[in-house]
Amino acid sequence: RTSTAWPATLPSSDRRGHRPGSESLMRPWAAHGAALRAPQPTLEEEKNFLEPRTATSKDIGLGFTFPFPSKLHLSGNVARAALRSAELSLTQLQQQIAALTSQAYDALLVALRHRDDLTEGRSLAEDFLHKTQARFQAGTTPRLDVVKAEVDVAQADNDLIANERAVAT
């Protein structure tokens, strides 16, 4: 198969198959700028050695390659879709950050409330220790109750330290 393309520099009247008014068909294609070229006709001659022909018969084909005029439009659609995808990803990340921030803030509020409870518990344990020590000195309470009250105050201190670490992280 051999093919030859007509040069685009020839005037349209020098090309084979010229039709009057074909320039008006080319105008819409020219509006798309230099990126799109005019249709390029090709002439092809089929040579097949398996089916011999007579000297007077030839298979000839004529083809036109037309530019793809909506290529720029479709490229724009693809770009808009990619932009929309990026916008949706950004929105999703913003929502995830907002949700994680809300969770962290709620955890902080819970930890602060727990610290207030632990502080109140420590003050109650300390008050109980002072009362138990006064009773021990008066002789109405055994020493074991004073030791237990001291252990409760120490446990409350340890709980406050653990809570401060939880708030810091």
Side-chain angles (χ1 to χ4, degrees), residues 1 3 5-9 12 21-42 44 61-169:
R1 175 181 280 202
S3 74
W6 289 316
T9 57
S12 61
S22 63
E23 287 82 14
S24 64
L25 294 174
M26 300 291 196
R27 278 188 215 123
W29 304 106
H32 290 285
L36 300 175
R37 290 177 275 149
Q40 296 293 320
T42 58
E44 298 179 356
L62 179 63
F64 285 95
T65 303
F66 289 98
F68 189 39
S70 60
K71 181 178 182 179
L72 296 176
H73 174 70
L74 292 176
S75 295
N77 286 346
V78 169
R80 276 188 291 278
L83 176 64
R84 183 70 179 141
S85 174
E87 288 172 346
L88 291 174
S89 294
L90 175 65
T91 303
Q92 183 182 14
L93 285 174
Q94 289 172 338
Q95 290 173 350
Q96 285 177 344
I97 290 170
L100 291 174
T101 303
S102 176
Q103 285 178 345
Y105 182 70
D106 290 345
L108 177 65
L109 290 178
V110 167
L112 292 174
R113 179 67 180 151
H114 191 252
R115 184 187 62 164
D116 292 341
D117 292 343
L118 290 175
T119 303
E120 186 178 340
R122 186 190 182 287
S123 67
L124 291 174
E126 196 171 277
D127 287 343
F128 181 73
L129 174 64
H130 291 303
K131 289 178 185 178
T132 306
Q133 283 176 345
R135 286 185 195 143
F136 173 71
Q137 290 174 356
T140 60
T141 304
R143 173 82 179 135
L144 183 63
D145 288 346
V146 173
V147 172
K148 185 178 179 319
E150 287 175 346
V151 169
D152 288 342
V153 170
Q155 182 64 40
D157 286 337
N158 286 339
D159 290 343
L160 279 172
I161 291 170
N163 181 264
E164 286 177 13
R165 288 182 183 161
V167 169
T169 58

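What's counted below: heavy atoms across the whole structure, side chains too, no hydrogens, waters or symmetry copies. These numbers were taken from a predicted model, which means no experiment stands behind them.
- Expressed to the nearest 0.5 Å, how far CD of Q95 lies from CG of L90 amounts to 10.0 Å.
- Atom CG of L118 is separated from atom CG of D157 by 10.5 Å, given to the nearest 0.5 angstrom.
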Point to revise | Derivation of the side-chain contact (heavy atoms from CB on, under 4.5 Å) call for L160 and R122 | key: CA-CA 9 Å; L160 279 172; R122 186 190 182 287; 3.7 Å; yes

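- Residue D159 holds its CG atom at 4.5 Å from CD of Q155, rounded to the nearest 0.5 Å.
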Ignoring hydrogens and angles, write down the donor-acceptor pairs under 3.5 Å from the side chains of residues 129-154, residues two or more places apart or on other chains.
residue	atom	partner	partner atom	Å
T132	OG1	F128	O	2.6
T140	OG1	R135	O	3.2

Practice item. Assess whether side-chain contact (heavy atoms from CB on, under 4.5 Å) is satisfied between V78 and L74, documenting all intermediate values. Key: CA-CA 6 Å; V78 169; L74 292 176; 5.6 Å; no

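- In this structure, the separation between CG on L100 and CG on L93 is 10.5 Å, given to the nearest 0.5 Å.
- Within the structure, side chain to side chain donor-acceptor pair (under 3.5 Å) pairs that include any residue of residues 96-110 do not occur (at least two apart or interchain).
- Of the inter-residue distances, the one linking L109 atom CG with H114 atom NE2 reads 14.5 Å to the nearest 0.5 angstrom.
- Using a 4.5 Å cut-off on side-chain heavy atoms (C-beta onward), R115 and L112 make contact.
- S85 OG to Q92 CD: the interatomic distance, rounded to the nearest 0.5 Å, is 10.0 Å.
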